[in-house]
There are 2 protein chains.
Amino acid sequence: MISFDDFILQDDSPIYLQIIQYVKRGIVSGAIENGEEMISRRALSALLGVNPNTIQKAYHMLEEEGIIYSRTGAKSCVEVDEAMKESIRRTLLSQDTLKWVQSMKQMGVSMEEALELCREVWE
Amino acid sequence: MISFDDFILQDDSPIYLQIIQYVKRGIVSGAIENGEEMISRRALSALLGVNPNTIQKAYHMLEEEGIIYSRTGAKSCVEVDEAMKESIRRTLLSQDTLKWVQSMKQMGVSMEEALELCREVWE
DNA sequence: GAAAGTGTATTAATTATATAATACAGTTAA
DNA sequence: TTAACTGTATTATATAATTAATACACTTTC
């Protein structure tokens, strides 16, 4: 079951978006597999100290994207085939990297400097 | 004068934060220098098609951070010494890079893969 | 000096995000 | 079967972000 054990609020973007992001990144890394049960909305709400409606918003959007499947009374499940996985992977990797590269360029940082920065921060 | 010619809305984060970010990155790159005049709040509002109050919020926060100086009736001016420049540079570079690195790690991407991605996206 | 431009302030309305308190119907498990 | 759990829905409230419409005092420029 996807327990959200290592979930942490990262920035000041909406919580429901950070939950969606957590699930998508887990799918890309392989930590979250097809068919896995999600933690229940109420349980995640208690775990994160966040309102149940906020969790519901995230889960509902994940369902609209076709990433999880829900039916009343039972836990929601992850439902992603290989095409979906690859689609999420491509989108996230390029979006995040492009954003960082644009940031570096706007600050006048060269590619070599950026690569070195990456190595330093990676640890 | 700082004209915001190449300013573009990047993401769905608050506009006033993106304006602050634009100015800070310009200072880091050297495109924005100490003593330069800011475009007036009303002119920037018209240029970006954004409410004057949103611009005022950004300018007001830049003033509170000690990055620009304003007086009624005259245009606001950038006021940053070398220590401030270096402080902004360190903060932005590490914050942006750390965020990207964390994203890559959460998706199970190795440092070598991340560096290669960076090279590809850089163009 | 007068007109135009500029920073600042106020009040009101709207949308998005998040919280709060319930309620109901379906599933799971003892 | 029954109790606990789960997904779903509703109504209300609060705060942040944005827009809108003015107004006033000060500076710059002609």
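Here is the naming used below: chain letters follow the sequence lines, and residue numbers restart at 1 for every chain. In this text the structure is predicted, and so the values were computed from the model without any measurement.
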TODO: Shoot me the first and last contacting nucleotide of DNA chain D against chain A, ordered 5' to 3', at under 4.0 angstrom to non-hydrogen atoms.
DONE: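 Contact boundaries, 5' end first: D:dT6 to D:dT10.
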Open item on the list: Just to be sure I understand the rule, does A:Y16 reach a base, reach only the sugar-phosphate, or reach nothing, if contact means heavy atoms closer than 4.0 Å?
Closed with: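 Contact class for A:Y16: sugar-phosphate only.
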Throw together a table of side-chain donor-acceptor distances under 3.5 angstrom for residues 44-55 of chain B, partners on residues two or more places apart or in other chains.
unit_1	atom_1	unit_2	atom_2	d
B:S45	OG	B:V50	O	2.5
B:N51	OD1	B:N53	N	2.9
B:N51	OD1	B:N53	ND2	3.3

Could you state the [atom1]-[atom2] distance from [X] to [N], rounded to the nearest angstrom?
| X | N | atom1 | atom2 | value |
| --- | --- | --- | --- | --- |
| B:E37 | C:dG7 | CD | C1' | 13 Å |
| B:M38 | C:dT6 | CE | C1' | 14 Å |
| B:R42 | C:dG7 | CZ | P | 7 Å |
| A:R41 | C:dG26 | CZ | C1' | 13 Å |
| B:Y69 | C:dG7 | OH | C1' | 12 Å |
| A:N51 | C:dA21 | CG | P | 9 Å |

TODO: Report the residue (B:N53 or B:R71) whose heavy-atom-nearest nucleotide on DNA chain C is the more 5′ of the two.
DONE: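 Of the two residues, B:R71 wins.
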- [ ] Specify the residue among B:H60 and B:G73 whose closest nucleotide of DNA chain C lies further upstream toward the 5′ end.
- [x]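 The answer here is B:G73.
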TODO: State whether B:T72 places a side-chain N or O below 4.0 Å from either non-bridging phosphate oxygen (OP1 or OP2) of C:dT8.
DONE: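 For B:T72, the contact criterion (side-chain N or O under 4.0 Å from OP1 or OP2 of C:dT8) is not met.
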Task: Spacing of OG belonging to B:S103 relative to CZ belonging to A:R25, to within rounding of 0.5 Å - done: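 It is 3.5 Å, given to the nearest 0.5 Å.
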Task: Residues that B:V109 engages under side chain to side chain contact (heavy atoms under 4.5 Å, CB included), provided they are two or more places apart - done: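 For B:V109, the residues satisfying side chain to side chain contact (heavy atoms under 4.5 Å, CB included) (neighbours in sequence not counted) are A:L93, B:M104, B:M107, B:E113, B:A114.
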Open item on the list: Looking at B:G66, is its backbone amide N or carbonyl O close enough to the side chain of B:E79 to form a donor-acceptor pair, meaning the two atoms are under 3.5 Å apart?
Closed with: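 Absent.
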Open item on the list: Working note: A:Q18 + A:F7, criterion side chain to side chain contact (heavy atoms under 4.5 Å, CB included); need CA distance, chi angles, decisive distance, verdict.
Closed with: CA-CA 9 Å; A:Q18 295 190 49; A:F7 178 88; 4.1 Å; yes
- [ ] Could you state whether B:L17 and B:Y59 fall into the same hydrophobic cluster, counting links through intermediate Ile, Leu, Val, Met, Phe, Trp or Tyr residues with side-chain heavy atoms under 4.5 angstrom apart?
- [x]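 Yes, it is one cluster - the side chains of B:L17 and B:Y59 are joined through contacts under 4.5 Å.
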